[in-house]
Amino acid sequence: MTAEKTITVDSEKDLVSRNEYGTFFGVTQDTLDRVWQQLREPAGNSAIYVSMEIGADPDVFHPVLDFLHDLEITGSDDKTADAFIRKYLHGPRKIPNYSGGLGVLAGDTLKSFADMHIPVVAISLLYREGYFSQFVDSKVGQIDQATSWNPEKTPTLFQLHDPANPESPLEIDVPFFNERDEPEQIKAQVWMKMEVSEELDFFVPEFLIDYSIDSAPAWIREASDQLYNAKTTIMKANQRRMLGSCVLPLMEALGFTGRTIHLNEQHGVAVSLHLILRELKKRLGKDFYQRMTDSEILQVVDTVAQRIVYTIHTPVKAGHDRFPRSMYTGISHRVCRRILDLLAKDEDSPGEYNFTTLAMRVNRAVNSVSRLHRDVTRRQFPRFAGKITAITNGVHHLTWISANRARIFDQSPLLTGWRNDPGIFSGLAADLHDLNTALAMAWQQDNRILIDYINRMLKMHRNQMLETWIDPPNYLSRLEEAPDLEPGVFTIGFARRFSTYKRADLIFKDIDALADILLQKKRRINLVFAGKAHPADEPGKNVLKLVLDNQEELYRKSHGLAKLVFIPGYDMSIAKMMVSGVHAWLNSPKRPLEASGTSGMKAAMNGTPNISVMDGWWVEGYQNGLTGWKFGYEGPVEEADLSEEADSLLYEEDSLSFYTLLPEVLDIFYDRPEEYLQVAVNNLRLNVPIFNTHRMAAEYVGKYNLQLDEQTAATVRHFQQLYQSDQNGK
Ligand SMILES: *Cc1c(COP(=O)(O)O)cnc(C)c1O
């Protein structure tokens, strides 16, 4: 795995480090001290990244674990190191702190910051029940269950201790207000995870704020149980406040000084309110709320805005928080309400505060996540159109390139340095016989891994069916003479959150047509689906159920040529296995509602071509048909309909377009495999250099106003030059 790593760590003992908050494992003392010092630097030369979710499962990417494995370290004669190593090697690894693309993007971003040595602190919440776990039953559809996990046992999480009282956990006081306009300090504890760089010589600390402590009132504990728990509106609002209100107290408790605050979505925007309150108090004195004028507030807003960078992630209404104004009477100070009245007015719905509007209003830079999404966002928020730019998303290439593909890249002299620089891939040529052969073999291996996993799963479900009441999600498990899936059969993958606009069931609109295409030339096909619907999203759950319901009909009508399989429990490791194991990645949202989409980029990192609607990143990644295929409506956004209503989702037109395209793709795959492989190589050459988070993070650093040392600044410049997202600004 580490063909060209230049690790600065000599022995496992060096990975134990200490400071006044505790003892940690994963970076050297020198690295811990250096990073901590940068984050405390008096001029505030670092950034704070605030996100409701962070997805960075260590079973998918974890340089410290790789280090232990590579050197075959299983213990140590140093007692502290030994305990850590045993926990690391055997402990549960997943941290169920994400629901989908937003969280995974956050994790990938932080990993790239670490690789590039950018001083950043990340802040999110710790959810005692994480995000829900998914079971799937063919009769019922999705069954949601609370996830049980144990932060104490998770080897990559460290609880911070109180420097004044090392036996006790560090507690911070987070300010809230009660219905009598009185401040109420609520205590929270702090966990740290480290996103350690590939070379183990830098890290980005991620602080997960834990409100589930004995002293916490019931409403706080409830809101801290599950990510995106939306049982009640007020609980949802409280979860947002808990994120935004802990930022300043945490920074102060740790002595961190970062000036720039990056809001990954508007969820944490309460931090802006706190900054405004503080600035008003500083300027007008303790009783500022009795004297302040609107124009004084607005002046302060301009000052505070200089500290905020904001990324908006979706044009979909459900992604923009609005809460009833009346609700805030009970949970905020009247000063807050006055500020919200000024800044968070919802144009369409005067009875609500709109927190996207607030975030749009108070920042020095706001960006969308693709070029097309920029144009849509400008249309949605005409007042702010002038300042909305594009920074197209990326993915962390080291996380998403499969081990088999990585081995090939390591062996290719043309790709020397690819681990540190995804831009290297632009040097690939089309006619490299040896590399192409090796790539084809690695792809076959990854395909076999996926197919074996599915076949094992189908068998396991069949046994469960005999032993429990669960009806397995897959028709193939219920067949008596169930045929295995076979490697080498053209396999299409589709996996993402189940939201109606993503149209997971689009290609099943006309099953006769789909079956006919296969029957004509006796083409076999596997369709592998996965994804969770939010527990409160009934329409999303219905789409999932529809996909299951199509299995039998499709299998019968195609005379067994088509096998449609659903993998329950979608997470990062299933995602990685799928994007590298399938032959094409399907993306069928209603344009232009998919702001970016990132799973298709993960496929491209492995060469896997996309078959996609011209939405989100694919408008940029399609590259004149060299890297994959497009289908469906691609009219201008000015004329596009942003509605998510069932009858405006264009099922008819777009599915027809898919059925027109599919035979062509099947012909290339089965009859002209060389040509198909060429598309994969083009993905590596054209798309890896663009849709990686090193480039994306470098574009963000451009908005952070940081003073960087010469070497880091050069690295950032290099990655910025790989691509300019905001080109064609008009
Ligand atoms: C990448 C990823 C997503 C996001 O995929 P989209 O294509 O952006 O919808 C969601 N969930 C998991 C587990 C992922 O790895």
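Both ligands and their constituent atoms are indexed starting at 1 by order of listing.
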Looking at the rings of H62 and Y88, which for Trp means the six-membered one, are their centres under 6.0 Å apart?
yes
For ligand 1, which atoms sit closer than 4.0 Å to a heavy atom of G101?
3 (C), 4 (C), 10 (C)
What is the nearest protein non-hydrogen atom to atom 8 (O) of ligand 1, stated with its residue, atom name and distance?
T598 N, 2.8 Å
Return the residue, atom name and 0.1 Å-rounded distance of the protein heavy atom closest to atom 11 (N) of ligand 1.
Y570 CE2, 3.4 Å
Between W400 and ligand 1, find which residue part has any heavy-atom pair under 4.0 Å and reply side chain, backbone, both or neither.
side chain
Going by the 4.0 angstrom heavy-atom rule, the piece of A575 near ligand 1 is side chain
Measure K502 to ligand 1 on non-hydrogen atoms and call it side chain, backbone, both or neither using the 4.0 Å cut-off.
side chain
Using the side chain to side chain contact (heavy atoms under 4.5 Å, CB included) rule, take T491 and L485 through it: C-alpha gap first, then chi angles, then the decisive distance, then the call.
CA-CA 10 Å; T491 301; L485 266 61; over 6 Å; no
Could you check T156 against R93 for side chain to side chain contact (heavy atoms under 4.5 Å, CB included), going step by step and ending with a plain yes or no?
CA-CA 7 Å; T156 48; R93 269 192 261 291; 5.8 Å; no
May I ask you to check whether Y228 and E53 show a side-chain donor-acceptor distance below 3.5 Å?
yes
Under 3.5 Å, N or O to N or O, is S599 touching ligand 1 that way?
yes
Between K602 and ligand 1, find which residue part has any heavy-atom pair under 4.0 Å and reply side chain, backbone, both or neither.
side chain
Any side-chain donor-acceptor pair under 3.5 Å between W149 and T154?
no
Against heavy atoms of M572, which atoms of ligand 1 measure under 4.0 Å?
13 (C)
Any side-chain donor-acceptor pair under 3.5 Å between S133 and T147?
yes
So, is S99 polar-close to ligand 1, with some N/O to N/O distance under 3.5 Å?
no
Looking just at side-chain N and O atoms, do Q623 and N687 make a donor-acceptor pair shorter than 3.5 Å?
yes
Donor-acceptor pair between S725 and R695 side chains, under 3.5 angstrom:
yes
Under-4.0 Å heavy-atom contact with ligand 1, by part of D571 that carries it:
backbone
List every atom of ligand 1 that sits less than 4.0 Å from any heavy atom of R496, numbering the atoms from 1 in the order shown and giving each element.
7 (O), 9 (O)
